Number of protein chains: 2
Amino acid sequence: MIAEKMDAAAVEAAELFKALSNPGRLRILCALVPGEQTVGALEEQLGASQSYVSGQLLRLRSEGLVICERDGRSMRYRLADPRVRPMLERAYEVFCPL
Amino acid sequence: MIAEKMDAAAVEAAELFKALSNPGRLRILCALVPGEQTVGALEEQLGASQSYVSGQLLRLRSEGLVICERDGRSMRYRLADPRVRPMLERAYEVFCPL
DNA sequence: CCAAAACATTTCAATATTGGAATATAAATA
DNA sequence: TATTTATATTCCAATATTGAAATGTTTTGG
């Protein structure tokens with residue numbers, strides 16, 4: 001049956017949507033769309049605490065949505081899941097009209 | 001500052017994503033993309049209980065994502081928020097490739 | 001090696017979500 | 001009108017999420 005495929009896809013999609021369902025995480029991911037960002041840079045852009053940003057990044061990392069790489073004493077984060085960018089682009093069109 | 005607009009948009013978008021972050025709700029909304037559906041029809045398509053489907057519909061209604069109309073003893077539900085369809089279409093492209 | 005900078009991690013209380021079970025309501029039919 | 005059908009609503013215990021606070025870790029500069 002096709003229902004199982006649809007169900008599996010729905011579970012996967014729902015997981016991604018859950019990752020996007022928090023304004024802080026959403027803004028972090030959006031900030032990564034143009035390219036890599038340092039944790040400190042993300043703190044500034046969000047106006048959020050170090051612990052908050054780092055915590056959300058940890059979660060996003062554990063879900064495979066971002067990956068990081070050390071650069072001196074900083075960590076550079078970037079998007080890692082190819083499904084994120086298309087969804088964010090559409091969200092941008094829908095929620096941030098010209 | 002533009003940060004406030006971005007923040008407001010992020011909050012709105014995150015709310016929609018939260019509605020989509022449950023496989024059951026997601027499948028209900030997907031089932032409504034082609035057109036109106038009865039509660040019973042949704043129960044069949046999802047293979048879920050009456051109480052479950054009706055409960056999720058109640059929530060989606062309270063968020064303004066769907067609206068319903070009585071038709072005899074049935075209720076016909078349909079999508080009500082113009083932002084839902086574009087997001088689901090993109091999700092379909094991303095998660096249900098040809 | 002030591003201190004500071006930049007992140008990571010743990011902990012926790014408050015709050016929210018989940019889905020099942022039971023019960024209630026509205027409309028049609030006999 | 002009594003019953004059945006279709007849907008709505010309430011209730012609840014288990015689980016998950018949230019964001020702040022405190023503390024731990026890693027790397028570099030002196």
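So you know, we letter chains A, B, ... as the sequences are listed, proteins then strands, and number each from 1. Every value quoted in this text rests on a predicted model; they were computed, and no experiment measured them.
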Length of the line joining B:Leu60:CG and D:dA8:C1', which is rounded to integer Å: 15 Å
Gap between atoms CG and P, on A:Leu42 and C:dC7 respectively (whole Å): 9 Å
C:dA8 OP1/OP2 closer than 4.0 Å to side-chain N/O of A:Tyr52: no
Ring geometry between B:Phe17 and A:Phe17 (parallel below 30°, tilted from 30 to 60°, perpendicular above 60°): parallel
Sugar-phosphate only, base, or nothing, as touched by A:Ser74 at under 4.0 Å among non-hydrogen atoms: sugar-phosphate
Closest non-hydrogen atom pair between A:Ala19 and A:Leu60, with its separation: CB-CD2, 4.4 Å
Side-chain N,O (A:Ser51) to OP1/OP2 (D:dT23) below 4.0 Å: no
Among C:dG20, D:dT7, D:dG19, the nucleotide that comes nearest once only the side chain of B:Ser49 is considered: C:dG20
Gap between atoms CD and P, on B:Glu15 and C:dA16 respectively (whole Å): 13 Å
Any side-chain heavy-atom pair of A:Val66 and A:Leu29 under 4.5 Å: yes
Student check: side-chain heavy atoms of A:Asp7 and B:Leu46 closer than 4.5 Å: no
Phosphate-side-chain proximity, B:Arg73 and D:dT4, N/O vs OP1/OP2 below 4.0 Å: no
Nearest heavy-atom neighbours spanning B:Met75 and B:Arg70: SD-CA, 3.5 Å
A:Ser54 vs B:Asn22, nearer the 5' end of DNA chain C by closest nucleotide: A:Ser54
Spacing between B:Asp71 atom CG and D:dA6 atom P, to the nearest angstrom: 12 Å
Given D:dT9, C:dA8, C:dT18, the nucleotide with the shortest approach to the side chain of A:Val39: C:dA8
Donor-acceptor under 3.5 Å (B:Ser62 side chain, B:Arg59 main chain): yes
Nearest-neighbour nucleotide for the A:Leu58 side chain, D:dT7, C:dC7, C:dT9 considered: C:dT9
Separation of atom CD1 in A:Ile28 from atom C1' in D:dG19, rounded to whole Å: 12 Å
Touch class at under 4.0 angstrom, heavy-atom based, for A:Arg76 against every strand present: nothing
For atom CD of B:Glu69 and atom P of D:dA6, their distance in whole Å: 19 Å
Phosphate contact (C:dA6 OP1 or OP2) by A:Tyr77 side-chain N/O below 4.0 Å: no
Under-4.0 Å side-chain N/O to phosphate OP1/OP2 contact, B:Arg59 with C:dT18: yes
Donor-acceptor pair present, A:Gln50 side chain and C:dA8 base, under 3.5 Å: yes
Separation of atom CE in A:Met75 from atom P in D:dT26, rounded to whole Å: 10 Å
Residue-phosphate contact under 4.0 Å: B:Arg25 side-chain N/O, C:dT17 OP1/OP2: no
Distance test, side-chain N/O of B:Arg61 to OP1/OP2 of D:dT9, below 4.0 Å: yes
Interatomic distance, B:Glu43 CD vs C:dG20 P [rounded to whole Å]: 13 Å
